Novice: 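Got a structure here, written out as C-alpha cells. Questions coming.
Atoms considered below: every heavy atom in the structure, side chains included; atoms not considered: hydrogens, waters and symmetry mates. If you're wondering where the values come from, they're calculated on a predicted model, not measured in any experiment. In what follows, chains carry the letters A, B, and so on, assigned in the order in which the sequence lines appear, proteins first and then strands, with residues in each chain numbered from 1.
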2 protein chains.
Amino acid sequence: MNAPVSAPVLTKNQSLVFDVLNRTDAPMSAYTILDKLRDHGFRAPLQVYRALDKLLEFGMVHRLESLNAFVACAHPESECCGHGHGHGSVAFAICESCGHVSEFHDHEVDHRLSDWAKRKGFKPAKTTIEIRGLCSACAA
Amino acid sequence: MNAPVSAPVLTKNQSLVFDVLNRTDAPMSAYTILDKLRDHGFRAPLQVYRALDKLLEFGMVHRLESLNAFVACAHPESECCGHGHGHGSVAFAICESCGHVSEFHDHEVDHRLSDWAKRKGFKPAKTTIEIRGLCSACAA
DNA sequence: CAATTGATGTAATAACATTACATATCAAAA
DNA sequence: TTTTGATATGTAATGTTATTACATCAATTG
C-alpha cells in the first residue's frame with residue numbers, strides 16, 4: 001500500500017460544491033448546483049465544472065453518465081476497495097421515480113469485466129455501471 | 001420462446017438513420033447523423049431523435065451514455081439472449097483513442113447485478129455498462 | 001367519410017459543457 | 001524580498017446535446 005491518500009484540502013469553490021452535493025441524496029446537475037450557489041457568489045457554469053473536475057479526481061464525487069448529474073461518493077472513508085483509480089469500479093442503482101441513488105460494489109462483476117478486458121487486450125481506464133429502475137419503496 | 005420478433009418494418013427516416021449507423025463502426029452523435037443526412041432532406045435534430053427513439057425501442061441501436069452517442073447493435077440477428085427488453089443487458093468497451101466500440105455480453109455480470117437488485121427490492125428497467133479505455137491496437 | 005393514429009416538418013428553446021482570456025493567490029526559488 | 005510558476009478564480013461567449021410546441025400529412029378503421 002502506498003500513500004494513504006489523506007483527505008485532500010479543498011478550495012473554497014470545491015468545498016461549496018461538495019457541501020451542496022453532500023447535503024442531498026439525489027443526484028444534481030451542474031446547473032442545479034450553480035443555482036444553489038448563486039448566493040455564494042457563483043455566476044458561471046465553469047465555476048461548478050472546475051470544482052467538479054477536482055472532486056471527481058479526488059474520488060469524492062461520482063458522475064452519473066446516464067443522468068448527466070453528480071452525486072457525493074457514498075463510501076466516504078473506510079471501505080475496502082481503492083476507488084477513483086480506475087480499478088475497483090462502483091455501480092449505481094438509480095430510482096427513476098424518487099431519484100434516490102444507491103452506490104454499491106461487486107467484486108465479481110469487476111472481476112468478470114477486467115477478465116474480459118484482459119482477454120481482449122483492452123486497457124480499461126474508467127468503468128460505468130448504472131442500473132435504472134425503481135427502488136423498493138417506489139416499486140411498492 | 002415467444003414470437004420471434006421478426007425485423008420490424010422501418011419508416012424512411014428510421015432506415016436512413018439506421019443505415020448511417022450501420023455503415024460505421026464508431027459511435028455517432030445525433031447531430032453528426034443529422035449532418036450525414038442533410039442531403040436526404042433532414043433539416044432538424046428531431047428527425048434524428050425520433051428515428052433513434054424507435055430504433056432503440058426495436059433494439060437495433062444502442063445509446064452510449066458516457067459518450068452521448070449511438071451505435072448499431074453488433075449482434076443483429078441470432079445470439080442467445082433476448083436483448084432490448086431490459087434483461088440480458090449488454091456491455092460496451094469503448095476505445096478513447098480510435099473510437100472503436102466492442103459490444104459484449106456477460107451472463108455472470110448480469111446475474112450478479114440482478115441478484116443485487118433482487119436482494120434490495122430494486123426493479124431494474126435498463127442497465128448501462130461501459131468500459132472506457134484503450135483497445136488492444138491503440139494500447140500497443 | 002370522419003376519426004383516429006402514427007409519422008413527419010419546422011422553429012424555438014432548454015439543458016449540458018467547453019473555449020478563451022483576464023486576473024488573483026500563494027508558495028517556493030532566486 | 002522579488003520573481004517565478006503553479007493553481008485557482010471570474011466572466012463572456014460559444015459549442016453541443018436534447019426537448020417542447022405546433023402544424024401537417026398519410027394510412028387505417030369504424
Side-chain angles (χ1 to χ4, degrees), chain A residues 6-21 24 26-58 60-71 92 94 96 99 101 126 128 130 132, chain B residues 7-21 24 26-58 60-71 94 96 99 101 126 128 130 132:
Chain A
S6 58
V9 176
L10 300 184
T11 67
K12 182 159 164 279
N13 286 3
Q14 288 159 19
S15 295
L16 287 167
V17 168
F18 181 72
D19 287 352
V20 166
L21 281 177
T24 179
M28 248 184 204
S29 78
Y31 278 74
T32 304
I33 296 169
L34 174 57
D35 286 339
K36 298 252 180 202
L37 290 175
R38 299 244 181 232
D39 293 347
H40 293 269
F42 274 48
R43 335 276 325 300
L46 195 50
Q47 294 174 287
V48 176
Y49 283 111
R50 285 203 275 229
L52 285 172
D53 281 348
K54 285 298 183 184
L55 294 169
L56 287 166
E57 188 183 317
F58 299 154
M60 298 175 68
V61 158
H62 299 291
R63 179 187 169 89
L64 300 177
E65 300 290 352
S66 69
L67 246 39
N68 293 331
F70 304 84
V71 281
F92 301 92
I94 303 167
E96 303 194 288
V101 173
K126 178 165 191 263
T128 296
E130 296 176 16
R132 298 184 58 171
Chain B
V9 176
L10 301 184
T11 67
K12 182 157 163 281
N13 286 1
Q14 288 159 18
S15 294
L16 287 167
V17 168
F18 181 72
D19 287 351
V20 166
L21 281 177
T24 179
M28 249 184 202
S29 79
Y31 279 76
T32 302
I33 296 170
L34 175 56
D35 286 338
K36 298 252 180 201
L37 289 175
R38 298 246 182 232
D39 293 347
H40 294 267
F42 274 48
R43 337 274 324 303
L46 196 49
Q47 295 175 287
V48 176
Y49 282 112
R50 285 203 275 228
L52 285 172
D53 282 348
K54 286 298 183 185
L55 294 170
L56 288 166
E57 189 183 317
F58 299 153
M60 299 175 67
V61 157
H62 299 291
R63 179 188 168 89
L64 300 176
E65 301 289 353
S66 68
L67 245 39
N68 294 329
F70 304 85
V71 281
I94 302 166
E96 304 195 286
V101 174
K126 180 168 190 257
T128 296
E130 297 176 15
R132 298 184 57 171

Novice: The criterion is salt bridge (charged side-chain N to carboxylate O under 4.0 Å, His left out); which residues satisfy it with B:Arg50, sequence neighbours excluded?
Specialist: none
Novice: In whole angstrom, give the distance that lies between atom NZ of B:Lys54 and atom C1' of C:dG6.
Specialist: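 That distance rounds to 8 Å.
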Novice: For B:Asn68, give me all partners under side chain to side chain donor-acceptor pair (under 3.5 Å), at least two apart in sequence or on another chain.
Specialist: B:Arg63
Novice: For the pair made of OH in B:Tyr31 and P in C:dA17, what is the distance, rounded to whole Å?
Specialist: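 That distance rounds to 15 Å.
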Novice: Send over the distance from A:Met28 CE to C:dA15 P, rounded to a whole Å.
Specialist: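 Taking CE of A:Met28 and P of C:dA15, I get 16 Å after rounding.
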Novice: Who pairs with A:Lys54 by salt bridge (charged side-chain N to carboxylate O under 4.0 Å, His left out), at least two apart in sequence or on another chain?
Specialist: A:Glu57
Novice: Can you give me the first and the last nucleotide of DNA chain D (5' to 3') that has an atom within less than 4.0 angstrom of a non-hydrogen atom in chain A?
Specialist: D:dA8 to D:dT11
Novice: Indicate the atoms forming the closest heavy-atom contact of B:Pro8 with B:Met60, along with that distance.
Specialist: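 Distance-wise, the nearest heavy atoms are CG-SD, 4.1 Å.
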Novice: Between residues 34-53 of chain B and DNA chain D, which residues have a heavy-atom gap below 4.0 Å?
Specialist: B:Leu46, B:Tyr49
Novice: Can you run down the side-chain hydrogen bond (donor to acceptor under 3.5 Å, both in side chains) pairs that involve residues 27-41 of chain A, sequence neighbours left out, and say none if there aren't any?
Specialist: A:Ser29-A:Thr32, A:Asp35-A:Arg38
Novice: Using OP1 and OP2 only, check whether a side-chain N or O of B:Thr11 sits under 4.0 Å from C:dA7.
Specialist: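 No, B:Thr11 has no side-chain N/O under 4.0 Å of OP1/OP2 on C:dA7.
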Novice: Can you sort out the partners of A:Phe92 under ring pair (Phe, Tyr, Trp, His ring centres under 6.0 Å), two or more places apart, ordered by chain and number?
Specialist: A:His62
Novice: Under the salt bridge (charged side-chain N to carboxylate O under 4.0 Å, His left out) rule, collect the residues that match up with B:Glu130, sequence neighbours excluded.
Specialist: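 So B:Glu130 forms no salt bridge (charged side-chain N to carboxylate O under 4.0 Å, His left out) with any residue.
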Novice: Taking salt bridge (charged side-chain N to carboxylate O under 4.0 Å, His left out) as the test, write out the residues that go with A:Asp19, two or more places apart.
Specialist: none
